[in-house]
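A short worksheet on the structure shown next.
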Amino acid sequence: MTVYDWVVSLWRTVVPTIVGFAATALAHIYIAVDQQALATALMAGFITVYYGLFRFLEARVHPKFGWFLGLARPPAYPTKPAPVPGPARAPSQYEPRQPG
């Protein structure tokens with residue numbers, strides 16, 4: 001993944017968070033909410049619905065709906081498999097040694 005793709009993925013997460021915050025603030029104007037937990041749940045719900053709706057519309061209707069997530073295109077992720085890591089550590093003195 002390039003740095004640009006990483007920034008795109010981050011930006012497309014931040015925009016729904018900002019919208020969720022704004023929607024929650026507007027809901028406080030019309031709904032008397034005194035509990036912090038309820039406000040947090042409202043914000044999480046707004047963010048989830050907003051992101052899910054516009055990801056769905058972007059994928060199924062038209063790519064321009066991606067603008068509601070901050071950018072009109074989703075990030076591109078690499079298609080090649082990740083390299084296989086080597087041995088994680090040297091054998092311990094308490095582990096039996098392999099003959100040979």
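Numbering of residues begins at 1 and proceeds along the displayed sequence.
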Next item on the list: Test Y51 against L69 for side-chain contact (heavy atoms from CB on, under 4.5 Å), laying out the working first.
Entry: CA-CA 7 Å; Y51 183 80; L69 297 174; 3.7 Å; yes
Item checked: Atom pair CH2/CD of W67 and E58 - distance to nearest 0.5 Å -> 11.0 Å
Checklist line | Path from F56 to V19 over hydrophobic side-chain contacts below 4.5 Å | finding: yes
Next item on the list: Consider only side-chain heavy atoms of I, L, V, M, F, W and Y, link residues closer than 4.5 Å, and tell whether V61 and V49 are in one cluster.
Entry: no
Check: Is the CZ atom of F68 crowded by more than 12 outside heavy atoms at less than 6.0 Å?
Finding: no
Margin query: Within the 4.5 Å heavy-atom criterion, are Y50 and I47 side-chain neighbours or not?
Written below: no
